[in-house]
Amino acid sequence: MKVLVINCGSSSLKYQLIDSDTEELLAKGLCERIAVDGRLTHTTTGKEKYTKDLPMPDHNAAVSYVLEALTDKETGAITDLSEIDAVGHRIVHGGEKFAKSVVITDEVIAAIEECNDLAPLHNPANLIGIRACQKLMPGVPNVGVFDTAFHQTMPDKAYIYGIPYEYYTDYKIRRYGFHGTSHSFVSKRTAELLGKNIEDTKIIVCHLGNGSSITAVKGGKSVDTTMGLTPLAGVIMGTRSGDIDPAIIEFLANKTGKNIEEINTILNKKSGVYGLSGGFSDFRDLGKGMEEGNDRCRLALDVFAYGVKKYIGAYAAAMGGVDAIAFTAGIGENNPYVRNLAMSDMEYMGITIDQEANKVMGDEKQISTPDSKVKVFVVPTNEELAIARETVALV
Ligand code: AMP
């Protein structure tokens, strides 16, 4: 089967065409600046990558260009749209309604819409992508794969906040967690690397990218995760604050005269390592800055790694032990310095890093010493492949 995987953002659309039989990537690309002007970057495997400026007034136009790019006689990956058997959509928020991926129906669309206020920037864009595919590829099944679904197994003690219970029953305010597709994919692979049945494992997955989250996966199920009602919670991130004392918001409002919306923007877009370092959100730039003696870059890296370390300790406690720790996503896969810092002085917990093995960037590898009781791995994530697998399983 050929599965088109679509990840719609508010002004962007990422896509991959995957042959699910061989799990081979046939083509991939990105539409950017949707509703601004429009740019498509496309690569068919084995052919040259190209970028084109194209008018994209909306996501329908973007999906049309994607389908044209995929079927282009010279640069495309397929000859006809009928070769696409199914479309898998990444959907950010499924609330408590979706604990699994689903085939999209009118009822499912209505239920996703009901979750819109939990992810106002993302869910509406995801729905636009679904509708565009329904319109342009009638008859082709669409599947929704939710970032939140994997975490629906958390026990109530892990997802309830210490605020009046009515806010949970009335407004569904609780911890949901995100990056679920990645945490699921990586924990399964980690269990394979351990050579164990996943039901018998306790794994901590550190998905460290521009957005970062850490999940405790016990017996293959998410039992706790760092992100919350929204992806702002947990460890500090590229530009997001992560956990802060909630009283800071009122304090900051009084000091600066800024309103809730402005403070929310600061916490989402101007905080994290960006805010600490004075403008660097990319960890490569932070590393370079630190090497050049920029102490705030050093501080940002220290705060980030310390946050990761604390959650590892917390989740080992939550699960009553840990068999393996997996590092994934841009930073987790490519940043030996951060991995080493987060894993330092943890021999008391049975974690010993092999400094030579930890030099790995981008490849799957065990980075703990052979005698380390807890195994530590770098496991590259592949959310698109995970979405394609879910899609095939459902259609
Ligand atoms: P993500 O959001 O998963 O794409 O991760 C973005 C972060 O990963 C950035 O801070 C990058 O510095 C880091 N990153 C991504 N790719 C690389 C790479 N090849 N080498 C070093 N760091 C990388």
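When reading the values below, keep in mind they use all heavy atoms of this one structure, side chains included, and skip hydrogens, waters and symmetry mates. We count residues from 1, following the sequence as given. Counting convention: from 1, in listed order, for ligands and their atoms alike.
Relative ring orientation between Tyr315 and Tyr311 is described as tilted, the plane-to-plane angle lying within the 30° to 60° band. Using a 30° and 60° split on the angle between ring planes, Phe283 and Phe304 fall in the perpendicular class, above 60°. By the 30° and 60° cut-offs, the orientation of the rings of Phe98 relative to Phe146 is parallel.
Shortest contact from atom 11 (C) of ligand 1 to any protein heavy atom: Asp282 OD1, 3.4 Å. Atom 17 (C) of ligand 1 has Asn334 ND2, 3.4 Å as its closest protein atom, hydrogens excluded (heavy atom only). Protein heavy atom nearest atom 7 (C) of ligand 1, with residue, atom name and distance: Ile331 CG1, 3.7 Å.
Remark: ligand 1 and Phe283 share an N or O pair separated by less than 3.5 Å (distance only, no angle test). Backbone and side-chain nitrogen or oxygen atoms of Gly330 are examined, and one is located within less than 3.5 angstrom of a nitrogen or oxygen of ligand 1. Residue contacts with ligand 1: Ala329 is placed with no nitrogen or oxygen under 3.5 Å of a nitrogen or oxygen of the ligand (distance criterion only).
For Arg131 against Ile109, the heavy-atom pair with the smallest separation is NH2-CG2, 3.2 Å.
Using 4.0 Å as the threshold, Asn335 has no heavy atom nearer than that to any atom of ligand 1.
The atoms of ligand 1 that sit less than 4.0 Å from any heavy atom of Gly209 are 1 (P), 2 (O), 3 (O), 5 (O). In summary, the atoms of ligand 1 found under 4.0 Å from a heavy atom of Met361, numbered by their order in the structure, are 20 (N). Shown in contact with Asn210 at under 4.0 Å from a heavy atom are these atoms of ligand 1, numbered in order with element: 1 (P), 2 (O), 5 (O), 6 (C).
There is no protein heavy atom closer than 4.0 angstrom to atom 4 (O) of ligand 1.
Residues satisfying the ring pair (Phe, Tyr, Trp, His ring centres under 6.0 Å) criterion with His151, sequence neighbours excluded, are His183.
A salt bridge links Glu192 and Arg189; the closest N-O separation between the charged side-chain nitrogens and carboxylate oxygens is under 4.0 Å.
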Acceptor/donor pairs from residues 385-395 side chains to any protein atom, 3.5 angstrom cut, sequence neighbours excluded:
| residue | atom | partner | partner atom | Å |
| --- | --- | --- | --- | --- |
| Arg389 | NE | Glu23 | OE2 | 2.7 |
| Arg389 | NH2 | Glu23 | OE1 | 2.8 |
| Glu390 | OE1 | Ser101 | OG | 2.4 |
| Thr391 | OG1 | Ile387 | O | 2.7 |

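Because its NZ or CZ atom is both nearer than 6.0 Å to the ring centre of Tyr176 and within 45° of the ring axis, Arg174 counts as a cation-pi partner of that residue.
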